Amino acid sequence: MTHVEAREMLAELALEALSAEERERVMAHVSTCAECQRELASLQEAVGALAYAAPVEPLHASRCEPMRERLVARAAADRGSEPEAAARAAAGVMPSRPTRPSGARASRAPGWMALAASLLVAAALGWYALSQRDEASRLSRELTTAVSQRRQLESQVDSLRSAVGSVLGPAVRVVELTSAGERRPGGRMFWDQATDTWTFVAHDLPSLRVGRTYQLWLIDAAQQRISAGTFAPQPNGRAFVKATYRLPPDSLAMIAVTEEPEGGVPQPTGDIVLAGAASR
């Protein structure tokens, strides 16, 4: 059997619509042809899936007995053909090449082929639609993630621009804060007088005990102490504080950081951790 002939009968083979002899000859070719093996496996998988999709209806009792008789007769005919085939083989007579079904079978073969083709096409379209739906869902999730990441990045860029403007603007005054402690922490206050924005950064701050916090103070020329908020350093000792407070340009005398009870206090009570005088 040629490759073309065998391939034309693969759909009938998957549907178990071939005779025993036809099935044997097709399978002899399939066993040596990788392309037909793949196509047959695909067809059999489709037929198996369609079997689960078909509605289940019980067979009427009046049809059970005739079907059983036909199956028994077919089995008997197959057994009867085995001795004849053995005798022909012993005599050295090669089996004649079977012809394609004719008559009633020939009229039914196109029907089988059309049915098989339509079922396989329907199954393929269903699988394709399902795969496309999954792909669309995946792309939608990736798009949502990308949009969220872009918004986060834009927010970070805006924050960075704001921070850069707060420390590099033309109206920014810088106050250095130092300490005589063992760890020698340090810090800087950037006061943007155009926007009344105060940006404080510090490094090497000691870790706080439980129930304690750092508090930032603005001290004016009249020694009035104004709280600019409380904060806790990161594990690496760094800190970043941003506040807004309007103060006359020439009234700042000093900036200080003290250690206070958690929540802060109206006026400083703890030890001074950092301090720096404002230059005139």
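Since the model is a prediction, treat every value here as computed from it, not as a measurement. Values below: all heavy atoms of this structure, side chains included; hydrogens, waters and symmetry mates excluded. Throughout, numbering of the chain's residues begins at 1 and tracks the sequence.
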message: Under the criterion side-chain contact (heavy atoms from CB on, under 4.5 Å), I'd like the reasoning laid out for Leu252 against Leu247: C-alpha separation, chi angles, the key distance, then a yes or no.
response: CA-CA 7 Å; Leu252 180 66; Leu247 198 66; 4.0 Å; yes

message: Between Val201 and Phe190, does the side-chain contact (heavy atoms from CB on, under 4.5 Å) criterion hold? Intermediate values first, please.
response: CA-CA 9 Å; Val201 293; Phe190 299 88; 3.9 Å; yes

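Atom CZ of residue Arg38 and atom CG of residue Leu43 lie 13.0 Å apart, to the nearest 0.5 angstrom. A distance of 11.5 Å separates CZ of Arg246 from OG1 of Thr197, quoted to the nearest 0.5 Å. Here Arg212 contributes atom CZ and Glu260 contributes atom CD; the two are 6.5 Å apart, rounded to the nearest 0.5 Å.
Cluster membership check: Tyr245 shares its hydrophobic cluster with Val257, using side-chain heavy-atom separations under 4.5 Å among Ile, Leu, Val, Met, Phe, Trp and Tyr. Hydrophobic clustering, with ILVMFWY side chains joined whenever heavy atoms are under 4.5 angstrom apart, groups Met1 together with Leu18. Placement of Val241 and Trp217 in two distinct hydrophobic clusters is found when ILVMFWY residues are connected by side-chain heavy-atom separations under 4.5 Å, directly or transitively. Leu208 and Leu177 fall within a single hydrophobic cluster, where Ile, Leu, Val, Met, Phe, Trp and Tyr side chains are chained together by heavy-atom contacts under 4.5 Å. Put simply, Leu216 and Ile226 are part of the same group of oily side chains (I, L, V, M, F, W, Y) that touch within less than 4.5 Å, one to the next.
Heavy atoms only, all atoms of each residue included: Tyr214 and Pro206 are closest at OH-O, 2.7 Å. Of all heavy-atom pairs between Cys36 and His29, the closest is SG-NE2, 3.5 Å. The two residues Arg184 and His203 make their nearest non-hydrogen contact at O-CE1, 4.5 Å. When every heavy atom of Pro261 is checked against every heavy atom of Thr213, the shortest pair comes out as O-CG2, 3.3 Å. Here the closest non-hydrogen pair linking Ala202 and Leu274 is CB-CD1, 4.3 Å. Here the shortest heavy-atom pairing between Val175 and Gly276 reads CG1-O, 3.8 Å.
Contact of the Asp271 side chain with the Thr258 side chain is not registered, since no non-hydrogen atoms from C-beta on lie closer than 4.5 Å. Side-chain atoms of Gln223 and Arg225, non-hydrogen and from C-beta on, do get closer than 4.5 Å to each other. The shortest distance between side-chain heavy atoms of His3 and Glu35 falls below 4.5 Å.
At least one donor-acceptor pair closer than 3.5 Å links the side chain of Thr145 to the backbone N or O of Arg141. Judged by distance alone, the side chain of Glu12 and the main-chain N or O of Met9 form no donor-acceptor pair under 3.5 Å. Proximity of a side-chain donor or acceptor of Ser179 to a complementary backbone N or O of Val273 within less than 3.5 Å is detected.
Counting non-hydrogen atoms of neighbouring residues, nucleotides and ligands closer than 6.0 angstrom, the CD atom of Glu24 reaches no more than 12 such neighbours. For Arg238, the CZ atom counts as loosely surrounded, since its 6.0 Å shell holds 12 or fewer non-hydrogen atoms of other residues, nucleotides or ligands.
Under the 30°/60° scheme for interplanar angles, the aromatic rings of Trp191 and Trp198 are found to lie parallel.
Side-chain contact of Gln215 with Ser227: a donor-acceptor pair under 3.5 Å is present, judged by distance alone.
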